[in-house]
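Numbers restart at 1 for each chain; the letters A, B, ... are given by sequence-line order, proteins then strands.
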Amino acid sequence: MPKTITAKEAAQMIKPHSRVMFSTFLVVGAAEQLIDALVEENVKDIHMITIATDYDDKGVGKLITNKQIKSVQCSHIGTNRSTQAQMNAGELDVELIPQGTLMERIRAAGAGLGGILTPTGVGTIVEEGKQKFTFDGKDYILEMPIKADFAFIKAQKADKHGNLVYYKTARNSNPAMAMAAKITIVEVDEIVEVGQLDPENVVTPGIFVNYLVKSEVKEC
Amino acid sequence: MPKTITAKEAAQMIKPHSRVMFSTFLVVGAAEQLIDALVEENVKDIHMITIATDYDDKGVGKLITNKQIKSVQCSHIGTNRSTQAQMNAGELDVELIPQGTLMERIRAAGAGLGGILTPTGVGTIVEEGKQKFTFDGKDYILEMPIKADFAFIKAQKADKHGNLVYYKTARNSNPAMAMAAKITIVEVDEIVEVGQLDPENVVTPGIFVNYLVKSEVKEC
Amino acid sequence: MLDKKQKRIMIGRRIAEELNDGDFVNLGIGMPTEVANHIPLGVKVYFHTENGMLGVGPAPKPGEEDKDLINAGAGYITETAGASYFDSCLSFAIIRGGHLDMTVLGALQVDQEGNLANWMIPGKLVPGMGGAMDLVTGTKNVIISMEHCDKHGNSKILKKCTLPLTAAHCVNMIVTDMAVMRVTEKGLLLEEIAFWTNVDDVIKATDADLIIPEKVGIFGNQ
Amino acid sequence: MLDKKQKRIMIGRRIAEELNDGDFVNLGIGMPTEVANHIPLGVKVYFHTENGMLGVGPAPKPGEEDKDLINAGAGYITETAGASYFDSCLSFAIIRGGHLDMTVLGALQVDQEGNLANWMIPGKLVPGMGGAMDLVTGTKNVIISMEHCDKHGNSKILKKCTLPLTAAHCVNMIVTDMAVMRVTEKGLLLEEIAFWTNVDDVIKATDADLIIPEKVGIFGNQ
């Protein structure tokens with residue numbers, strides 16, 4: 001049964017050199033209040049795992065703008081000028097990963113796999129330094145799991161067992177990241193009693209969830 | 001948009017040497033009317049992929065008892081004496097696969113992966129003849145995708161786009177197998193209009209589904 | 001000459017003719033989205049967005065946007081009847097697993113072997129590949145939608161791409177404001193030219209070697 | 001001497017003491033299921049079944065069975081509040097990914113290195129491994145629940161397994177009708193003996209080398 005904590009308490013778990021997964025797809029599905037709390041705590045030298053670095057002033061981009069991120073594994077930085085500027089200045093180490101490969105590497109970590117073979121990236125700079133395999137005339141590269149110490153997840157609803165459901169395209173990388181971190185912290189709009197979620201419709205079972213943080217309702 | 005056909009039409013697509021996935025876990029989640037139709041057609045030399053071979057007179061076991069199966073990839077045959085008898089008599093080729101590995105191999109086929117590395121089976125006869133890898137002191141074996149020509153799937157409800165939902169533990173191997181076959185045929189208890197299923201709760205999107213077969217209501 | 005908008009419409013309309021009834025399609029950001037405006041009558045297609053949805057509908061009316069309902073380009077979308085939501089793993093399983101019938105993407109460069117470069121210009125612009133590498137690797141029919149030449153008038157269709165590749169040998173068809181070209185085993189086949197140009201001008205505007213068949217079709221003159 | 005049922009209860013009760021509040025647990029078929037009947041007061045555990053459910057409840061009342069709600073042994077089960085259903089891929093991702101706290105399984109043989117054989121007897125019985133290989137590879141705490149000796153009186157706890165392994169070095173603890181043993185880096189440690197026997201008899205009944213600590217506990221005398 002996950003413990004309910006505050007965003008500040010969640011942010012305080014993160015230490016320099018923590019590996020943290022941030023679910024977000026251009027801010028949709030981002031745990032924005034956890035991110036804000038982490039900006040507030042101003043912990044430095046974080047390793048970030050995310051699909052995209054969002055915008056300079058929104059989503060996980062805030063952490064980059066605030067120079068809290070030492071390195072990032074992601075698939076897209078085109079919407080965030082800070083990422084590219086810090087990368088060019090040698091302040092931020094960026095590993096760009098095809099999005100499907102990124103997701104499978106995260107899933108592999110959560111699912112206890114030692115790696116996966118994907119055809120994506122064959123014949124490109126993505127294959128550099130990686131083991132290659134050919135089966136039935138098709139080439140694959142070996143990609144390794146991406147694990148994390150923490151995942152900052154956003155869900156629409158959680159029951160008190162930590163079972164989660166998401167809302168529309170805000171689901172994105174949340175379910176995979178929830179599986180892949182040692183400690184999964186979920187920012188959630190609504191916490192309901194056990195029995196209020198239909199067991200058929202649970203997307204992330206509570207076994208993957210360690211902490212819940214209730215979103216504060218903000219003025220729009 | 002999947003075409004609605006009869007169980008007989010579905011069974012008639014299967015030819016000798018077809019590779020067919022049968023979702024079932026001790027008959028739960030099995031497309032029993034498709035199986036019965038296939039027994040009726042009496043097509044021989046089928047390659048079967050299933051979690052378990054069920055019982056001599058129930059589920060996919062009927063196909064084995066009827067000697068329609070040339071080879072099977074599965075993880076459990078302990079409930080079906082015919083399987084073991086035919087295996088011992090050299091009539092049936094059985095590849096026993098750890099259940100989690102079986103599922104990942106099926107998923108890999110559906111997800112376009114060239115293989116996965118799993119720790120399951122290391123140090124056992126399962127690793128024989130397979131490539132081994134060691135990362136961070138932990139051993140893994142390379143397991144290859146399992147593809148199929150057809151999947152015989154059972155769902156509770158389908159809408160006319162082929163979106164599927166399942167019922168309780170009858171979900172089991174259905175979603176993975178639905179992804180992994182060239183032609184996926186779904187036996188379904190209820191076909192509803194488009195818009196009747198909540199898009200948040202669809203488990204198998206219609207993109208994986210080629211044909212629907214409406215279950216005949218049977219006397220209990 | 002056609003203006004930017006006319007070119008975009010002509011290209012989008014031509015690509016839409018490639019759609020078959022029941023196709024599952026992923027459209028890239030920008031010019032490719034134009035395809036959705038020209039679905040032929042009697043053809044029903046289903047749009048996929050890689051952030052996790054099948055059954056993407058058109059942009060919402062102003063004021064009816066849902067901030068958690070976006071496509072891969074962060075544009076607001078709507079939900080059609082029969083839609084489904086799923087997580088990014090399943091979304092890319094769909095893509096990489098070969099379940100999509102068509103993807104339409106823009107390009108920085110394409111070459112006559114079907115190689116594609118559309119994700120970075122070293123030292124200048126590194127947005128990242130996002131989902132593009134998976135899309136062109138996994139999808140059955142990869143169509144490039146772009147202007148024939150860059151803003152300096154240089155051909156974007158080369159003998160050999162010079163920018164880092166998105167994927168090798170992945171492109172099936174290229175549709176530009178000047179021509180429709182298909183990547184074949186023998187090379188790049190000029191199938192059609194736009195109504196406003198001629199074969200010689202297309203050859204001149206193209207760095208790649210073009211195979212010119214006996215009969216070259218015309219498109220865009222509707 | 002204890003009868004079969006008494007042994008089963010004693011073993012199940014002792015294993016249940018290993019449960020911590022909030023644990024996620026998978027119980028194998030047969031004797032391991034007894035553990036569920038002895039959950040300590042104040043401890044809440046969640047049962048997983050590998051065919052795709054968390055929050056497995058006790059067997060239904062006669063007449064209330066749902067034919068589509070079974071555990072991995074095809075036994076009818078019920079759904080508890082807060083349960084969830086998922087497909088076999090996610091179920092084994094949970095298992096192999098190390099998300100379960102404990103699994104309790106039977107064995108044909110276990111050895112002092114923690115090797116386990118419980119899925120086949122060559123030439124005799126080949127049921128298949130089912131989910132057992134994944135369960136013992138992935139789960140944090142692997143506990144074997146079985147009778148100390150087979151029906152011929154031979155020790156099932158060996159220096160080295162002779163049957164094909166389910167996994168190597170996977171067992172953490174063995175609980176039998178005679179003893180509680182823990183697999184340690186130094187070997188198999190005899191932690192407790194059953195109330196009705198003595199250390200010498202346990203040593204005699206065990207093929208494996210046992211490490212005998214200064215103080216051996218007693219269990220089963222409730």
Is it the case that atom [atom1] in [X] sees more than 12 heavy atoms from other parts of the structure closer than 6.0 Å?
X: K130(A); atom1: NZ; result: yes
X: K159(C); atom1: NZ; result: yes
X: K44(C); atom1: NZ; result: yes
X: K70(A); atom1: NZ; result: no

Atom pair [atom1]/[atom2] of [X] and [Y] - distance to nearest 0.5 Å:
X: F25(A); Y: N71(C); atom1: CZ; atom2: CG; value: 8.0 Å
X: M53(C); Y: R171(A); atom1: CE; atom2: CZ; value: 11.5 Å
X: T124(A); Y: M133(C); atom1: OG1; atom2: CE; value: 4.0 Å
X: R96(C); Y: M103(A); atom1: CZ; atom2: CE; value: 10.5 Å
X: T49(C); Y: N172(A); atom1: OG1; atom2: CG; value: 10.5 Å

[X] to [Y] - nearest heavy-atom pair and separation:
X: G123(A); Y: L165(C); answer: O-CD1, 3.7 Å
X: T169(A); Y: N51(C); answer: CB-ND2, 3.7 Å
X: G73(C); Y: L26(A); answer: C-CD1, 4.4 Å
X: Y55(A); Y: A74(C); answer: OH-CB, 3.6 Å
X: M129(C); Y: V126(A); answer: CE-CG2, 3.8 Å
X: Q84(A); Y: K124(C); answer: NE2-O, 3.5 Å

Taking side chain as everything from C-beta outward and backbone as N, CA, C, O, which of these in L102(A) sits under 4.5 Å from a heavy atom of chain C? Side chain, backbone, both or neither.
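For L102(A), there is no contact with chain C at all, as no heavy atom is under 4.5 Å.
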Pick one of side chain, backbone, both or neither for T101(A), based on which atoms fall under 4.5 Å of a heavy atom in chain C.
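Both backbone and side chain.
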Residue part contacting chain A, namely of D66(C), when any heavy atom lies under 4.5 Å:
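D66(C) touches chain A through side-chain heavy atoms alone.
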Under 4.5 Å heavy-atom distance to chain A, tell me which part of A72(C) shows up: side chain, backbone, both or neither.
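Both the backbone and the side chain of A72(C) come within 4.5 Å of chain A.
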Could you check Q99(A) against I95(C) for side chain to side chain contact (heavy atoms under 4.5 Å, CB included), going step by step and ending with a plain yes or no?
CA-CA 11 Å; Q99(A) 197 176 330; I95(C) 291 170; over 6 Å; no
If you count heavy-atom pairs under 4.5 Å between each of A167(C), A168(C), G130(C), G52(C) and chain A, which one has the most?
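Answer, by heavy-atom pair count under 4.5 Å with chain A: G130(C).
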Best-contacting candidate, I77(C), L135(C), V126(C), against chain A by heavy atom pairs under 4.5 angstrom:
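With the most close heavy-atom pairs to chain A, the winner is V126(C).
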Under 4.5 Å between any side-chain heavy atoms of W119(C) and L96(A), yes or no?
yes
Taking a cut-off of under 4.5 angstrom between non-hydrogen atoms, the residues of residues 82-91 of chain C near chain A are Y85(C), F86(C), D87(C), S88(C), C89(C)
Judged by atom type as modelled, is there a donor-acceptor pair below 3.5 Å linking the side chain of D68(C) to the main-chain atoms of Y167(A)?
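Side chain of D68(C) to backbone of Y167(A): no pair is present.
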Relative to chain C, which of G78(A), P119(A), P98(A) shows the most heavy atom pairs under 4.5 Å?
P98(A)
One option among V94(A), I97(A), V27(A), T53(A) has the most heavy-atom pairs under 4.5 Å with chain C, and it is I97(A)
